[in-house]
Structure formats: structure tokens, C-alpha cells
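Proteins get letters first, then strands, A, B, ... in listed order; numbering begins at 1 in each. These numbers were taken from a predicted model, which means no experiment stands behind them. Computed from heavy atoms alone, side chains included, the values below leave out hydrogens, waters and symmetry copies.
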Amino acid sequence: MRYWLMKSEPDEFSIDDLERAPGQSVAWFGVRNYQARNFMRDQMQVDDPVFFYHSSCPQPGIAGLARVSRLAYPDQTQFDPTSKYFDPAATAERPRWFNVEVTFVQKTRLLALAELRADPAVAGLTLLARGSRLSITPVDAGHWDHICTRLLGLSAARGAAR
DNA sequence: GCCAACGTTGGC
DNA sequence: GCCAACGTTGGC
């Protein structure tokens, strides 16, 4: 099992939107970065725990927990000419972009980026790396546990969504 | 709105 | 295959 952090702009799709989604499960479509795609396509497994991170907003930070609910499959928006994620180079035979699905676990208090940066125990989080822009990043088990139990006050079991 | 950092594109 | 130009991300 691996742990992940997935960024979303709350204006586009927030933790509240995930909670309200039918079945509380959604396709994580629109990723157009190869490294992030590869994480989804090659490494993410059903039930992997996910930090849901709000980016490009007044209070960037972790806003909740989710988990992977479906293995990666071709991102349908790449085939849709009316979508802003349309990719003319993609074909059904040779899809270029993939997405997993994630499901809602729970909201948390907003754990601000600034608070993460200030905590030496999570130094090394890919999210915090200089110039890091990746929308999907892996999280070490130790960092996951520290954030859940020490910073968010959750039980480790709840945090791991078992 | 600024801008640093990084990724992608395309001419050569 | 190099690399300049351009586009995007995302915190501030």
C-alpha cells in the first residue's frame, strides 16, 4: 500500500464536492502531466489512502482524506473535442492519459501548507520540495502517520481508511 | 498580478 | 538531440 497527496483547486472540485458526489466517488480526470499520470497508471492501487489537498486558493492545504476506489483507466476527456482536456493526439487504441477514481473518506480541519512547512517531522514531503508542482505526489508511511495522528488528531486506523 | 520553477514544443 | 521560446503551476 502506498500513500498519496492529490491536489485540486477547490473552485474546480473541492472536498465538499467529493462528499456530495454520487456514491462519493469520482474520476480524477484532467491530469496532463506525465509523472502524475504514471503514478496513477502504474502505482496507485485500490484502497490506497489519499490526502485531498486544496491548491490555488486563499488557504492552500490538506482539507480531507480520500482513498483510491478504482484502478487507472483511460481519461475520457482526452477524446472529447468540447473538453478543455481534449488531446487530439490521443486515440482509443492509444490513449495517452489515464485516471483513477477516488472516494470520500472524511473532511479534516484545514491543515495549511504553511503549517506543514513549519514542521520538521514532515520535511522531505515531495509536496514541500523546492519548485514542486506535481498534482499527485507520494507520501511516506511515516509522514502519513505523523500528519494523521499528530497534526490532524486522527487515529492511525482512521487515517489509513481500513 | 508577480514570478520562480518546471515542462513542453519545435526549429535546426 | 540541443536548447530557446513559450506555457503552466501555484504560492505569495
Residue of the set A:T137, A:V31, A:V100 for which side chain to side chain contact (heavy atoms under 4.5 Å, CB included) holds with A:M6:
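With A:M6 as partner, side chain to side chain contact (heavy atoms under 4.5 Å, CB included) holds for just one option, A:V100.
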
What integer distance in Å separates [X]:[atom1] from [N]:[atom2]?
X: A:N33; N: C:dT8; atom1: CG; atom2: P; result: 13 Å
X: A:H54; N: C:dT9; atom1: NE2; atom2: P; result: 17 Å
X: A:E12; N: C:dT9; atom1: CD; atom2: C1'; result: 13 Å
X: A:E9; N: C:dT9; atom1: CD; atom2: P; result: 8 Å
X: A:Y34; N: C:dT8; atom1: OH; atom2: P; result: 15 Å
X: A:R32; N: B:dC6; atom1: CZ; atom2: C1'; result: 19 Å
X: A:K84; N: C:dT8; atom1: NZ; atom2: P; result: 11 Å
X: A:N38; N: B:dG7; atom1: CG; atom2: P; result: 13 Å

Considering just the side-chain nitrogens and oxygens of [X], establish if one lies under 4.0 Å of OP1 or OP2 belonging to [N].
X: A:K7; N: C:dG10; value: yes
X: A:R130; N: B:dA5; value: yes
X: A:Y53; N: C:dT9; value: no

Is it possible for you to check whether A:R41 lies under 6.0 Å from the centre of the six-membered ring of A:F39, through NZ or CZ, and within 45° of that ring's axis?
no

If you look at every heavy atom in A:D75 and A:G30, which pair is closest and at what distance?
OD2-N, 2.8 Å

Let's see if you get this right: which residues in residues 117-128 of chain A place a heavy atom under 4.0 Å from DNA chain B?
none

Taking 4.0 angstrom as the limit, do A:D48 and A:R2 come out as a salt bridge?
no

Ionic contact status for A:R109 with A:E115, cut-off 4.0 Å:
yes

Do the side-chain N and O atoms of A:D80 and A:T77 include a donor-acceptor pair separated by under 3.5 angstrom?
no

Which other residues end up in the same hydrophobic cluster as A:L71, if Ile, Leu, Val, Met, Phe, Trp and Tyr are linked when side-chain heavy atoms come under 4.5 Å apart?
A:V46

